[in-house]
Amino acid sequence: MLIDSYDLEVFTPPCDPGAERFAATAHLTIDISAVFPYLNATLRGAVYHKSANALTWKKGGHNIAFHEHELSTSNVEDREAAVKELEG
């Protein structure tokens, strides 16, 4: 497996304080950007932004962003939902 561990941050989006839904970011210790072209080819609806070295993908009402050292998702119910979404 490419990602062995990460630090998870779950927070209320700054643009919507007091929201009932949360955003989450998994901070990685490794650079995952080498797999972006492969993810772009296999994840239906994924968009690879080569100039930004990032990939975005929509899955079940969640926006997921892949960056060199982090994965982010939006619109999660709580920490448990964030872990499930990011590990998926």
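Note that this is a predicted model, so its numbers are computed, not measured.
In this structure, the side chain to side chain contact (heavy atoms under 4.5 Å, CB included) partners of Asp31, at least two apart in sequence or on a different chain, are Ser33, Glu68, His69. Every residue was checked against the side-chain hydrogen bond (donor to acceptor under 3.5 Å, both in side chains) condition with Glu77, not counting sequence neighbours, and none meets it. For Lys58, the side chain to side chain contact (heavy atoms under 4.5 Å, CB included) test picks out Asn63, with sequence neighbours left out.
In the hydrophobic clustering of this structure, Leu39 does not group with Val47; members are Ile, Leu, Val, Met, Phe, Trp, Tyr whose side-chain heavy atoms approach within less than 4.5 Å, directly or through other members. Residues Leu71 and Val35 fall within the same hydrophobic cluster, defined by Ile, Leu, Val, Met, Phe, Trp and Tyr side chains chained together at heavy-atom separations under 4.5 Å.
Under the 4.5 Å side-chain criterion, counting only non-hydrogen atoms from C-beta, Tyr38 is not in contact with Asn40.
Contact between Ala54 and His67 at its shortest, heavy atoms only, is CB-ND1, 3.7 Å. Considering all non-hydrogen atoms of both residues, Val10 and Ala24 come closest at CG2-CB, 4.1 Å. Heavy atoms only, all atoms of each residue included: Asn75 and His62 are closest at O-CE1, 2.9 Å.
The CH2 atom of Trp57 lies 10.0 Å from the OG1 atom of Thr73; values are rounded to the nearest 0.5 Å. With rounding to the nearest 0.5 Å, the separation of OH in Tyr6 from CG in Leu28 is 9.5 Å. Between atom OG of residue Ser72 and atom CZ of residue Phe66 there is a gap of 10.0 Å, rounded to the nearest 0.5 Å.
A side-chain contact (heavy atoms from CB on, under 4.5 Å) with Tyr48 is found for one member of Thr56, Leu55, Leu43 and no other, namely Leu55.
Counting heavy atoms of neighbouring residues, nucleotides and ligands inside a 6.0 Å radius, atom NZ of Lys59 exceeds 12 of them.
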